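First the structure, in the form of structure tokens, and then the observations on it.
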Amino acid sequence: MATCLRLFPSAPEAKTFLLNHKPTPLFSTRKPQIIPPRKFHHGIQSSKFGSFLDLKPLSKPESLDFDLSWFDPADRSRCFDVIIIGTGPAGLRLAEQVSRYGVKVCCVDPSPLSMWPNNYGVWVDEFESLGLVDCLDKTWPMTCVFIDDDKTKYLDRPYGRVGRKGFKTKLLENCASKGVRFHKAKVWKVKHEEFESSIACDDGIELRASLVVDASGFASTFTEYDKPRNNGYQIAHGILAEVDHHPFDLDKMVLMDWRDSHMGNEPCLRANNSKVPTFLYAMPFDSNFVFLEETSLVSRPLLSYMEVKNRMAARLRHLGIRVKNVIEEEKCLIPMGGPLPQIPQNVMAIGGISGLVHPSTGYMVSRTMALAPILADAIVECLGSTRMIRGRPLQQRVWNGLWPLERRCAREFYSFGMETLLKLDLNGSRMFFDAFFDLDPYYWQGFLSSRLSLGELILLSFSLFCNASNPSRFDIVTKCPVPLARMVGNLALEAI
């Protein structure tokens with residue numbers, strides 16, 4: 001839910017209109033530092049009331065001013081221990097962790113210093129446990145979920161927005177201090193021999209390594225699948241906007257707003273929304289600055305992107321939100337669920353292409369940050385030892401390090417959750433989340449953070465069923481037998 005890597009490129013973060021990315025006290029509600037450039041002071045793009053679809057994002061592409069250790073093409077030694085394709089959060093986090101142990105790492109990306117375009121939202125406790133809380137540029141002490149016009153859930157779990165510039169700078173600084181090399185190029189091809197792999201880049205450079213890691217995102221062709229990829233899809237349209245005003249409490253982040261009263265005069269939109277619902281995700285920074293995202297939690301087939309935008313426009317009109325400027329725009333498409341990559345295989349993977357996206361929510365950033373050190377330990381165990389374990393034994397160990405049996409079984413359960421959500425209409429979704437957020441916080445928080453064991457997930461399902469309303473139980477009983485049978489079958493295959 002607006003926390004994961006995006007398939008569609010969108011305008012990267014601009015130097016202006018940024019929240020202060022320096023560490024701030026948690027739960028501070030002071031006004032963020034927003035400094036509009038002079039050229040925006042004259043001729044604001046103000047939209048017609050409630051509409052933003054014709055406004056163009058004001059942000060311009062930006063790159064970090066950072067002194068990386070570049071690979072020198074004149075260097076005759078073109079062999080590394082690990083090559084990582086991609087410099088998103090997953091790739092940089094793994095490079096940071098592996099290089100701590102003296103393993104030679106090279107990151108290859110067409111634009112290593114470009115700012116990430118995504119607005120990452122995370123639970124504060126997750127980043128605290130990772131030592132990354134200083135990378136949050138805004139926090140909210142509570143979150144809320146609007147079930148309908150008459151019921152709102154208030155969740156006592158702080159939420160934060162990741163300061164992308166500070167986050168990437170921190171990861172790059174850690175990589176640079178440990179000698180990670182960077183090469184600015186696009187990888188065209190990966191070739192494998194028994195104990196070594198090589199990459200061919202679009203600039204004619206060929207690099208070799210004992211292990212190639214694919215961190216290039218969902219659309220990568222380097223990671224192989226041996227089963228049909230029957231993903232669900234989370235699709236969303238988001239804007240970081242300057243508005244006249246908005247109705248949201250500044251001390252609460254809106255995790256989900258399932259209300260549909262804004263569609264009262266839109267019978268076609270309302271009918272479609274009742275079948276395949278969307279919700280609003282909102283981060284209010286101050287009374288005139290807010291991130292808004294209309295989100296389809298999961299759909300299959302994919303919900304129309306224009307449908308999502310039209311629903312968002314209708315919602316903002318109803319809420320009385322007049323958008324003066326669109327600072328940034330996000331076009332989000334996240335494959336969710338589906339099979340894991342072939343395990344093992346010649347290329348290791350991390351991030352979106354590796355199956356780490358939460359199948360039921362779309363969350364990935366915090367989980368990737370937490371699992372990268374575990375994967376790094378498996379790599380160092382092989383390449384950092386005097387034995388130099390390589391080839392198939394290396395691949396087996398690193399893939400099992402990322403996806404041990406327990407984690408694979410838990411993922412089957414999360415995927416069952418996705419398949420259940422796919423079958424719920426608006427009323428079913430409302431009843432489901434009404435019961436879900438009434439669970440013991442240990443369970444709903446653990447579910448959203450992918451940290452429950454398989455046994456705990458089974459207990460959660462029984463508790464959820466018992467706490468659900470009778471219509472919600474009927475929904476589950478009538479719509480979930482096939483996904484349940486599929487999950488049980490997959491668990492049995494995993495156990496063999």
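Just so it is clear, the values below take in all heavy atoms, side chains as well, and ignore hydrogens, waters and symmetry mates. Because the structure is predicted, anything quoted here is derived from the model rather than measured.
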Do other residues, nucleotides or ligands put more than 12 heavy atoms under 6.0 Å from the [atom1] atom of [X]?
X	atom1	result
Asp156	CG	no
Tyr225	OH	yes
Tyr442	OH	no

Side-chain heavy atoms of [X] within contact of [Y], under 4.5 Å:
X	Y	result
Leu333	Phe218	no
Thr420	Asp475	no
Trp444	Leu155	yes
Lys138	Met283	no
Lys153	Phe433	no
Lys165	Leu64	yes
Phe146	Phe279	no
Leu94	Leu375	yes

Between [X] and [Y], what is the shortest heavy-atom contact and its length?
X	Y	answer
Thr223	Asp214	OG1-OD2, 2.8 Å
Leu130	Met369	CD1-CB, 3.6 Å
Leu303	Ile235	O-CD1, 3.5 Å
Gly337	Asn231	O-ND2, 3.0 Å
Asp244	Lys324	OD1-CD, 2.9 Å
Tyr281	Leu255	CD1-O, 3.7 Å

Look at [X] together with [Y] and state whether they make a salt bridge at an N to O cut-off of under 4.0 Å.
X	Y	value
Lys151	Asp438	no
Arg164	Glu62	no
Glu419	Arg300	yes
Glu173	Lys170	no

Does [Y] offer a backbone N or O that forms a donor-acceptor pair with the side chain of [X] under 3.5 Å?
X	Y	answer
Thr295	Ala236	no
Ser360	Met418	yes
Arg229	Pro339	no
Arg407	Gly401	yes
Asn273	Thr278	yes
Trp258	Pro277	no
Arg161	Asp137	no
Gln234	Leu297	yes
Asp148	Asp150	yes
Arg367	Ser449	no

Supply the atom-to-atom distance [X] [atom1] to [Y] [atom2], rounded to the nearest 0.5 angstrom.
X	Y	atom1	atom2	result
His245	Leu319	NE2	CG	10.5 Å
Phe289	Leu250	CZ	CG	13.0 Å
Met253	Trp140	CE	CH2	7.0 Å
Ile327	Leu55	CD1	CG	10.0 Å
Ser469	Arg430	OG	CZ	13.0 Å
Glu96	Leu172	CD	CG	10.0 Å

*Between Tyr120 and Phe127, does a ring-ring contact (aromatic ring centres under 6.0 Å, His included) hold up when you go through it step by step?*
CA-CA 12 Å; Tyr120 300 123; Phe127 260 41; 9.1 Å; no
*Check the side chains of Glu328 and Ser59 for a donor-acceptor pair under 3.5 angstrom, ignoring hydrogens and angles.*
no
_Quiz question: by atom type and distance under 3.5 Å, do the side chains of Ser296 and Arg311 form a donor-acceptor pair?_
no
*Check the pair His262 / Arg317 against side chain to side chain contact (heavy atoms under 4.5 Å, CB included), numbers first and verdict last.*
CA-CA 8 Å; His262 58 286; Arg317 281 196 300 270; over 6 Å; no
_Are Tyr443 and Phe436, when compared by the centres of their aromatic rings, separated by less than 6.0 Å?_
no
*Evaluate side chain to side chain contact (heavy atoms under 4.5 Å, CB included) for Glu293 paired with Asn119, printing each intermediate quantity in order.*
CA-CA 10 Å; Glu293 188 166 67; Asn119 274 279; over 6 Å; no
*asked:* For a salt bridge (Lys or Arg N to Asp or Glu O under 4.0 Å) check, start with the C-alpha distance between Asp109 and Lys168, then their side-chain angles and the critical distance, and finish with the verdict.
replied: CA-CA 14 Å; Asp109 189 283; Lys168 184 164 187 175; over 6 Å; no
_Working note: His237 + Phe52, criterion side chain to side chain contact (heavy atoms under 4.5 Å, CB included); need CA distance, chi angles, decisive distance, verdict._
CA-CA 12 Å; His237 179 76; Phe52 62 92; 3.5 Å; yes
*List the steps, then state whether side chain to side chain contact (heavy atoms under 4.5 Å, CB included) holds for Arg93 with Thr368.*
CA-CA 8 Å; Arg93 175 69 165 175; Thr368 302; 5.7 Å; no
